[in-house]
Amino acid sequence: MRRRTRRRIALIGAAALAPALCLPDAALAHYVAEHGDSAGSPWRQPPDMAVVMLLVGALWLYVSGLRRLWRHVGHGRVVSRAEAASFAAGWLTLAVALLPPVHVLGESLFWMHMVEHELLMAVAAPLLVLGRPLLVMLWTQSSAGRRRVGGVGTWSPIRRSWTFLTGSLAAFTVHGLALWLWHAPVLFEAALRNEGMHALQHASFLAAGLLYWTSLLRGGVVGSGAGRGAAVLSLFATTMHTGILGALLTLGTTPWYAAYGDAAAAWGLTPIEDQQLAGLVMWVPGGFVYTGVALALVTAWLRDSEARTRRWESALPKEVGGA
């Protein structure tokens with residue numbers, strides 16, 4: 001049952017990713033028609049090499065750890081092929097979000113910038129968590145190294161901090177604060193003007209997303225009834241507050257971020273139209289992910305309850321007869 005629930009969550013993330021892969025083409029259609037496929041096209045901008053190195057490094061650590069783990073315990077054991085595929089999909093999502101053309105488009109189109117945020121928090125984060133990267137990457141170490149790292153992880157301050165941060169309330173709060181604070185005009189515009197702040201913004205979104213989905217998947221898939229209830233409640237609450245922010249952007253009549261100026265005009269959009277599209281990206285696809293995962297967890301929860309009830313009912317006559 002837990003494996004089936006994980007597959008459903010991965011499929012929901014993949015369904016959210018598929019349209020995003022086509023978004024740059026839609027955005028570029030008007031630009032190319034107006035300006036031609038010049039050297040300044042977002043497709044032709046060089047990637048940030050620091051981002052490329054981080055992506056390649058993370059992939060190398062995962063693949064190396066997975067090969068050593070499977071050589072030790074057997075192919076597809078401990079970490080399943082589906083979980084490894086989930087990590088691969090999450091890594092691909094990160095690459096789409098952080099490299100050209102999406103990242104370059106996000107500097108002139110607010111709605112594409114919002115696509116980056118949703119890919120990081122609502123698609124890449126759950127897919128990466130499903131891939132169990134901490135366990136896999138630990139296997140890049142020798143057996144002595146794994147024992148040392150494991151010993152650090154059992155150190156009381158670290159264990160308590162991790163338990164607190166991945167608790168339902170703390171993870172929900174961190175996730176919500178990251179979303180709302182970075183969309184405050186003063187911080188959002190600072191990120192647009194400064195590459196360091198921009199990197200910090202994206203790192204914050206990804207870290208908050210990883211904590212949030214770790215909490216949800218631990219409580220909702222492998223947790224107790226109370227843990228599953230907290231996970232479902234957190235998902236519906238996140239759907240509500242992200243929907244509110246998306247609605248404010250969509251229904252607003254004044255652009256929030258002056259730093260974009262008239263950059264969207266090159267793509268056939270007014271500043272307010274660009275903002276409204278950004279709000280819709282947060283409101284609809286983002287809401288689809290959180291609501292879809294909540295429904296998947298509720299379905300798994302009900303099936304587990306039904307299975308327990310059937311087992312109890314089948315055992316009841318034997319107990320009565322024995323009495």
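Residues: numbered from 1 along the sequence shown. This is a predicted model, so every value here is computed, not measured.
The cluster map of Ile, Leu, Val, Met, Phe, Trp and Tyr, joined by side-chain heavy atoms under 4.5 Å apart, puts Leu181 and Tyr257 in the same cluster. Taken together through direct or relayed side-chain contacts under 4.5 Å among Ile, Leu, Val, Met, Phe, Trp and Tyr, Val186 and Leu192 form part of one hydrophobic cluster. Both Leu177 and Leu245 belong to a common hydrophobic cluster when Ile, Leu, Val, Met, Phe, Trp and Tyr are linked at side-chain heavy-atom distances under 4.5 angstrom.
Judged purely by atom type and a 3.5 angstrom limit, Thr250 uses its side chain to pair as donor or acceptor with the backbone of Leu280. Between the side chain of Thr299 and the main chain of Leu295, a donor-acceptor pair closer than 3.5 Å is present. Panel note: side chain Ser168, backbone Ala231; no donor-acceptor pair is recorded below 3.5 Å. Not a single donor-acceptor pair under 3.5 Å links the side chain of Ser64 to the backbone N or O of Leu61. Side-chain atoms of Arg68 come within 3.5 Å of backbone N or O of Thr140 as a donor-acceptor pair. Of the possible donor and acceptor atoms, none in the side chain of Asp274 sits under 3.5 Å from a partner among the backbone N and O of Leu269. In this structure a side-chain-to-backbone donor-acceptor pair under 3.5 Å is present from Thr93 to Ala89. Counting only distance, with no hydrogens or angles, the side chain of Trp111 and the backbone of Glu273 share no donor-acceptor pair below 3.5 Å. Side chain of Tyr62 to backbone of Gly131: a donor-acceptor contact under 3.5 angstrom is found. At distances below 3.5 Å, not a single donor-acceptor pair connects side-chain atoms of Trp256 with backbone N or O atoms of Pro185.
Here the side chains of Leu249 and Met114 are in contact, with some heavy-atom distance below 4.5 Å. Within the 4.5 Å cutoff, no side-chain heavy atoms of Arg147 are placed close to those of Gln141. No side-chain heavy atom of Met53 sits less than 4.5 Å from a side-chain heavy atom of Val56.
More than 12 non-hydrogen atoms from other residues, nucleotides or ligands lie less than 6.0 angstrom from CG of Asn194. Atom CZ of Phe236 has more than 12 neighbouring heavy atoms from other residues, nucleotides or ligands inside a 6.0 Å radius. Around CZ of Arg146, the count of heavy atoms belonging to other residues, nucleotides or ligands within 6.0 Å exceeds 12.
Minimum interatomic distance between Leu130 and Ser86 (heavy atoms only, all atoms of both residues): CB-OG, 3.2 Å. Shortest non-hydrogen contact noted between Ala171 and Leu211 is CB-O, 3.8 Å.
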* Asked: For Trp182 and His117, what are the C-alpha separation, side-chain angles and deciding distance, and is it a ring-ring contact (aromatic ring centres under 6.0 Å, His included)?
  -> CA-CA 10 Å; Trp182 276 113; His117 298 172; 8.9 Å; no
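In this structure, Trp180 and His241 have tilted ring planes: the angle between them lies in the 30° to 60° band. Using a 30° and 60° split on the angle between ring planes, His113 and Phe188 fall in the tilted class, from 30° to 60°.
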